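Read the structure below first, then the notes.
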Amino acid sequence: MYKLIDEPEIRRQVAVLGERISGELQDRPLTVVGVLTGSIVLVADVIRQIETPVQVDFVRASSYRGRTTRSRDLTVDAVELPDLSGRDVLLVDDILDTGRTLRALAELLRSRGAASVRTAVLLWKRDRTEADFQPDYFCFAIPDVFVVGYGLDYDGDYRHLPYIAVLEPDDL
Ligand code: XMP
């Protein structure tokens with residue numbers, strides 16, 4: 001396991017992200033929707049950088065991977081979502097890989113009446129993302145390696161690390 005992005009660098013980029021989001025929103029209120037569980041650290045950090053009124057909610061989404069990586073199966077538990085009609089929504093996740101999770105969730109939030117849905121991630125595995133999708137905001141583009149920390153886990157562990165680390169085959 002080795003460190004890919006250290007804590008001060010993450011802090012700097014999350015501050016830049018918060019400034020960009022605040023600048024583009026001007027004074028309009030925002031609903032931040034985090035994707036459980038990996039987004040919790042970024043959501044906690046980014047909402048404190050936003051200067052307009054913010055509401056915060058979470059959805060749980062699981063995509064089936066491994067043998068079914070190519071499958072489009074995505075289970076979303078969004079029953080608790082508030083009324084989003086007319087709200088500007090920022091959908092936040094830890095990492096964008098193929099883009100299927102955020103694409104499906106963005107569609108769902110639009111169908112719940114959101115006025116706009118933008119996406120923000122800490123990490124973007126740009127080379128793996130399907131061609132017609134990209135995040136509105138990202139902090140770091142990374143290569144196709146398995147990363148943990150800052151909300152990202154391996155089998156439930158490592159989410160608490162304040163930095164991003166790469167797990168190597170020996171760690172798995
Ligand atoms: P898609 O392909 O839908 O996937 O963009 C996004 C989800 O994939 C998981 N993911 C990872 N999780 N380290 C992780 O801990 C990684 O390197 C990684 N790559 C993808 C993650 O759950 C994310 O929400």
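Remember, it's 1-based here, ligands and their atoms both numbered in the order they're listed. The model shown is predicted, which means the values in this text are computed figures rather than measured ones.
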Output side-chain donor-acceptor pairs under 3.5 Å for residues 27-41, partner residues at least two apart or in another chain, one line each.
from, atom 1, to, atom 2, distance (Å)
Arg28, NE, Asp88, OD2, 2.8
Thr31, OG1, Arg87, NE, 2.7
Thr31, OG1, Arg87, NH2, 3.2
Ser39, OG, Val35, N, 3.0
Ser39, OG, Val35, O, 2.8

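Of all heavy-atom pairs spanning Gly149 and Ile164, the tightest one is O-CD1, 3.5 Å. Minimum interatomic distance between Val92 and Leu42 (heavy atoms only, all atoms of both residues): CG1-CD2, 3.6 Å.
By the 4.0 Å N-to-carboxylate-O rule, Glu7 lies close enough to Arg11 to be salt-bridged with it. With respect to Arg110 and Glu107, no salt bridge is recorded, no charged nitrogen being found less than 4.0 Å from a carboxylate O. Taking a cutoff of 4.0 Å between a charged side-chain nitrogen and a carboxylate oxygen, Arg48 and Asp45 qualify as a salt bridge. Contact check on Arg112 versus Asp83 returns no salt bridge, with no Lys/Arg side-chain nitrogen under 4.0 Å from an Asp/Glu carboxylate oxygen.
Neither the backbone nor the side chain of Thr129 has a heavy atom within less than 4.0 Å of ligand 1. When non-hydrogen atoms are compared, ligand 1 lies under 4.0 Å from the backbone of Val145 (N, CA, C, O) but not from its side chain.
Near Asp93, meaning under 4.0 Å from any of its heavy atoms, are these atoms of ligand 1: 24 (O). Interface of Asp94 with ligand 1, defined as ligand atoms under 4.0 Å from a residue heavy atom, comprises 23 (C), 24 (O). Ligand 1 places these atoms under 4.0 Å from at least one heavy atom of Leu152: 12 (N), 13 (N), 14 (C), 15 (O).
Judged by the shortest distance from any of its heavy atoms, Asp153 lies inside the 4.0 Å radius around the atoms of ligand 1. Using a non-hydrogen distance threshold of 4.0 Å, Gly38 does not register as a contact of ligand 1. For Lys125, the closest heavy-atom approach to ligand 1 falls below 4.0 Å.
Under the rule for a salt bridge (charged side-chain N to carboxylate O under 4.0 Å, His left out), Arg126 has no partner lying at least two apart in sequence or in another chain.
Distances between N or O atoms of Val147 and those of ligand 1 include at least one value under 3.5 Å. At a 3.5 angstrom cut-off on N or O pairs, Gly99 counts as close to ligand 1.
Of the candidates Asp144, Thr101, Ile142, Asp97, the one placing a heavy atom closest to atom 20 (C) of ligand 1 is Asp97.
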